[in-house]
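The structure under discussion appears below in the form of structure tokens.
Side-chain atoms are counted along with the backbone in the values below, which use heavy atoms only and exclude waters and symmetry mates.
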Number of protein chains: 2
Amino acid sequence: MVFTVEGTLDAMRLKVLLVERAGPPYQGSWALPGGFVHEHEDLGQAAARELHEETGLADVYIEQVGAIGTPGRDPRGHTVTVVYVALVPADRHPLQASGDAAAARWFEIDRLPPLAFDHVRLLDDARAHLRRRLGETPVAFELLPGAFTLSELQSLCEVILGRPLDRRNFRRQVQDAGFVVPTKGRREGRHRPAQLFRFAPKAFERYMQDAGELPF
Amino acid sequence: MVFTVEGTLDAMRLKVLLVERAGPPYQGSWALPGGFVHEHEDLGQAAARELHEETGLADVYIEQVGAIGTPGRDPRGHTVTVVYVALVPADRHPLQASGDAAAARWFEIDRLPPLAFDHVRLLDDARAHLRRRLGETPVAFELLPGAFTLSELQSLCEVILGRPLDRRNFRRQVQDAGFVVPTKGRREGRHRPAQLFRFAPKAFERYMQDAGELPF
DNA sequence: TCAAAAGTGTTTAGTTTACACCCATGC
DNA sequence: GCATGGGTGTAAACTAAACACTTTTGA
């Protein structure tokens with residue numbers, strides 16, 4: 001299951017990638033991309049491969065959510081699904097449907113078509129996972145482009161957490177934490193330009209060592 | 001993978017259940033109990049069934065940790081393992097080896113024999129999972145008997161977290177939280193008797209609603 | 001000059017931490 | 001009466017929350 005974000009600031013929306021199923025079951029329905037693990041293939045590799053085959057996306061961050069094997073969830077027989085989330089940066093998500101997929105499209109997470117199988121449930125699980133992980137791992141920076149403004153980071157956190165954050169407190173905490181560093185660039189728009197930052201993974205490790213959790 | 005605790009107070013130790021493998025591969029080695037999912041069986045049910053078959057334990061709390069499918073981890077071929085942890089209360093853990101297991105025994109988590117397959121790694125993952133979950137779900141109360149003293153609860157938390165907690169702060173926080181309620185009983189020993197408490201699941205739900213996480 | 005977002009500190013309330021002594025029981 | 005763990009409160013440090021105005025740019 002692939003997430004990305006789009007839009008800037010208060011208009012930022014979390015999006016999920018769906019594919020239109022080319023064959024039965026649920027032919028023509030929208031579904032989460034996925035497929036079967038090959039012999040002698042690691043689970044994470046399989047997730048990445050299926051994603052690439054169905055959508056053209058490569059080289060993305062993936063993380064396991066969990067496994068589900070409730071009988072009856074797939075009309076083809078008893079299957080076990082291992083759910084992964086992949087996060088792709090806001091600035092590049094070219095899509096190219098192929099393989100089992102007739103089409104691939106980003107959907108806003110709050111405006112979804114009916115989904116095949118039990119994919120609504122998987123999606124709910126994944127969102128909850130993402131919300132928990134936001135404070136424990138640098139997932140936010142996997143969704144942002146390499147350079148981002150603090151407003152963008154904040155807006156992203158708000159979308160994932162589903163609640164507003166105080167701007168001044170957020171900026172202070174994030175900057176004090178030291179794992180975002182200012183770059184030379186600025187984001188221009190039809191308003192005052194904003195300082196661009198990048199994520200510093202090494203400083204992040206150090207911070208997590210003794211802080212334990214992220215400030216948001 | 002089944003955990004329990006044994007001993008009281010500062011002597012409290014976390015224990016894990018291992019089975020001695022009755023057949024190849026790794027015949028005679030100690031391993032985590034487990035087996036294969038049956039057709040039309042839910043993953044959680046399968047974990048509970050295997051546990052019951054191999055050790056006689058029934059009706060325990062289980063929770064999924066995750067799935068692992070690295071090629072080469074099982075000499076019999078490419079398998080995917082879905083790891084579950086089960087927690088059994090300190091006061092009753094009768095064991096009876098059978099099925100694939102020649103013997104079943106509790107081991108202190110810091111004094112383990114060599115393990116079959118990649119089970120050392122699975123165990124590490126499960127401990128980390130437990131540590132994270134301690135603050136999010138009432139796992140602690142699945143490990144304690146129905147009635148417990150605050151010192152026992154504290155000692156358990158310390159074992160899982162791997163660090164000491166301040167007694168007075170711990171007691172205040174837990175009692176203020178309101179999801180442990182005193183019972184009539186007292187735990188007697190060769191010292192001052194301690195008040196027994198029980199866990200109040202309903203109050204726990206209410207507490208989590210607006211607190212978000214446990215005080216420890 | 002207006003709209004839109006960027007940027008900036010301080011005060012207050014709440015939470016977390018550190019800490020030491022008396023109590024009840026069994027032996 | 002002594003050893004063992006049970007039980008209790010307060011002050012200080014820190015962290016989190018609330019809050020409003022000025023700045024810079026493009027249109």
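Aromatic ring centroids of A/F204 and A/F141 lie 6.0 Å or more apart.
As a whole-Å value, the separation of B/Q173 CD from C/dA18 C1' is 13 Å. Rounding to whole angstrom units, CZ of residue A/F197 and P of C/dG7 are separated by 7 Å. The CG-C1' distance, from B/L153 to D/dG7, rounds to 16 Å in whole Å. Atom-to-atom, CZ of B/F148 to P of D/dG5 comes out at 20 Å; the value is rounded to the nearest Å. In this structure, A/Q154 places its CD atom 13 Å from P of C/dA5, rounding to the nearest Å. Rounding to whole angstrom units, CZ of residue B/F170 and P of D/dG9 are separated by 18 Å. Atom CG in A/L165 sits about 11 Å away from atom P in D/dA18, given to the nearest Å. In this structure, CD of A/E213 is placed 12 Å from P of D/dT15, rounded to the nearest angstrom.
Of all nucleotides listed (D/dG6, D/dA18, C/dT8), D/dA18 comes nearest to the side chain of A/D166. Nearest to the side-chain atoms of B/R172 among the listed nucleotides C/dA18, D/dT8, C/dA6 stands C/dA18. Out of C/dA6, D/dG6, C/dC27, the shortest distance to the side chain of A/A194 is found at C/dA6. The side chain of A/R192 lies closest to D/dT24, out of D/dG7, D/dA27, D/dT24. Nearest nucleotide to the side chain of A/Q195, out of D/dG26, C/dG7, D/dT25: C/dG7. For A/H191, taking side-chain heavy atoms from C-beta onward, the closest of the listed nucleotides C/dA4, C/dG7, C/dT17 is C/dA4. Checked against D/dG6, C/dA18, D/dC19, the side chain of A/N169 finds its nearest nucleotide in D/dC19.
Look at A/R187 and A/E152 and you find a salt bridge, because one of the NZ, NE, NH1 or NH2 atoms lies within 4.0 Å of a carboxylate O, short of that distance. Look at A/E136 and A/R132 and you find no salt bridge, because none of the NZ, NE, NH1 or NH2 atoms lies under 4.0 Å from a carboxylate O. Ion pairing between a basic and an acidic side chain is recognised when a charged N comes within 4.0 Å of a carboxylate O; B/K15 and B/E108 show no such pairing.
OP1 or OP2 of D/dG6 lies within a sub-4.0 Å distance of a side-chain N or O belonging to B/S151.
A 4.5 Å side-chain heavy-atom check between A/W30 and A/H119 finds every atom pair outside the cut-off.
Mapping A/G189 and B/R171 onto DNA chain D via the closest heavy atom, the residue that lands nearer the 5' end is B/R171.
Counting atom types as modelled, B/R168 pairs a side-chain N or O with a base atom of C/dA20 as donor and acceptor under 3.5 Å.
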